[in-house]
Amino acid sequence: MGDDIRRNMALFPIGIVMKLTDLTARQIRYYEQHELIVPARTAGNQRLFSFNDVERLLEIKALIEKGVNIAGIKQVMNPVSKESDDATIVSEQSEVKRKELSDAQLHRLLKQQLLEKRPGQASLIQGQLSRFLNKR
DNA sequence: ATTCTCACA
DNA sequence: TGTGAGTA
């Protein structure tokens, strides 16, 4: 799997992930505390999430809605894999260029991401995707 | 304007 | 989990 790195590239800040997953910042940080996700951090201690993180959050959200608690989710979900954690922080550039990335290049990545996922989960993601793209 | 940690009338 | 405080 080559583009595995791309899936683990830390791209977006918590604000975008909130719109992407419909979770509150509180919840996202809470799940991180319980090691359900391990987002990367910028030099300024800002969280940077990857597609993997977002997908995991969507899975977590689905389970939570089914009444599963943190303990249960930890068992159902594979504990954050080995060194596959975000080592590549894509952001941390000039403000302007950062927005360029999260607009043009992001669309390209999102498209690829959707193509590689199975129809079932892909549609699930597209739902969140629409809301994300309608941000302004 | 955003995000972060901490703490609880 | 929400939310406000005080930062970076």
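Sequence lines set the chain letters: A, B, ... in the order given, protein chains first and strands last, and positions in each chain run from 1.
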**Request:** Taking A:R56 for its side chain and A:L36 for its backbone only, find out whether a donor-acceptor pair lies under 3.5 Å.
**Result:**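 Side chain of A:R56 to backbone of A:L36: a pair is present.
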**Prompt:** Quick one: stems for DNA chain B, with Watson-Crick or G-U pairs under 3.5 Å, at least three in a row?
**Reply:**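 The stems are B:4-8 with C:2-6.
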**Message:** Could you report the tightest heavy-atom contact between A:V54 and A:F12, atom names first, then the distance?
**Reply:**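 What the structure gives for the nearest pair is CG2-CE1, 3.4 Å.
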**Prompt:** Minimum heavy-atom separation for A:P13 to A:L48, with atom names?
**Reply:**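 So the two residues come closest at N-CD2, 4.1 Å.
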**Item:** Sequence-aligned protein contact record of nucleotides 2-9 of chain B, with B where the base is within under 4.0 Å of a protein heavy atom and S where only the sugar-phosphate is
**Value:** -SBB----
**Message:** Under the rule for side-chain hydrogen bond (donor to acceptor under 3.5 Å, both in side chains), what residues qualify as partners of A:Q46, not counting sequence neighbours?
**Reply:**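 Here no residue qualifies.
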**Message:** For A:L63 and A:M77: C-alpha separation, side-chain torsions, deciding distance, then whether side-chain contact (heavy atoms from CB on, under 4.5 Å) applies.
**Reply:** CA-CA 10 Å; A:L63 292 173; A:M77 287 182 77; 4.2 Å; yes
**pair A:Y30-A:T24: side-chain heavy atoms closer than 4.5 Å** =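 Result no, sub-4.5 Å side-chain heavy-atom pair not found.
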**Prompt:** A:I70 versus A:Y31: any side-chain heavy-atom pair under 4.5 Å?
**Reply:**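 Contact flag for A:I70/A:Y31 side chains = yes.
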**Asked** Between A:T24 and C:dG2, is there a side-chain N or O to OP1/OP2 distance below 4.0 Å?
**Response**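 Yes, because at least one side-chain N or O of A:T24 sits under 4.0 Å from OP1 or OP2 of C:dG2.
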**Message:** Measure OH/A:Y31 against C1'/C:dG2 and give the value in whole Å, please.
**Reply:**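 It works out to 13 Å between those atoms.
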**Prompt:** What distance do A:N69 atom CG and A:H34 atom NE2 have between them, rounded to the nearest 0.5 Å?
**Reply:**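 Those atoms lie 10.5 Å apart.
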